[in-house]
Amino acid sequence: MSEDAHSSQWPCPRCSTEMTVRPLGSGQVHSCPEGHGVFLERMDLGSLVESETDWHRLASQGTMPIPRITADMEAPRTSRKHARAWVETLFN
């Protein structure tokens, strides 16, 4: 697809209103001002999927892995009696 076709305005398939275009990541999102939908070109969708995958990969670098639950594990100790309602926590 040519660069001109990539940046051109699209009519909404439902109401034929000219859709608004806004940048999103390295691509563009076309949206109907009447709220009938959001449309992406295939290459823009691929770019968004890659960006989402990268974000999840980088966001998890500073976190600990979830431990595997085994039969010999014990429940964590509670420091106080479990409140029956939030209001009880105000008076303890």
Note to self: Tell me if a side-chain donor or acceptor on S51 pairs with a main-chain N or O of S47 at a distance below 3.5 Å.
What the structure shows: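 Looks like yes, one N/O pair under 3.5 Å.
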
Note to self: Donor-acceptor pair, distance only, cut-off 3.5 Å: does the side chain of T20 make one with the backbone of S31?
What the structure shows: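 Between the backbone of S31 and the side chain of T20 there is a qualifying donor-acceptor contact (under 3.5 Å).
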
Check: When you look at V29 and V21, which way does the side-chain contact (heavy atoms from CB on, under 4.5 Å) test go after all the steps?
Finding: CA-CA 6 Å; V29 172; V21 180; over 6 Å; no

Check: From E18 CD over to H30 NE2, what is the distance, rounded to the nearest 0.5 angstrom?
Finding: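 Output value for this atom pair is 11.0 Å.
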
Notebook entry, point to check: Can you tell me how far the CD atom of Q28 sits from the CZ atom of R22, to the nearest 0.5 Å?
Noted result: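 Separation between the atoms: 11.0 Å.
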
Under the side-chain contact (heavy atoms from CB on, under 4.5 Å) test, which residues partner [X], sequence neighbours left out?
| X | result |
| --- | --- |
| E34 | C15, T17, C32, H36 |
| R42 | none |
| S16 | none |

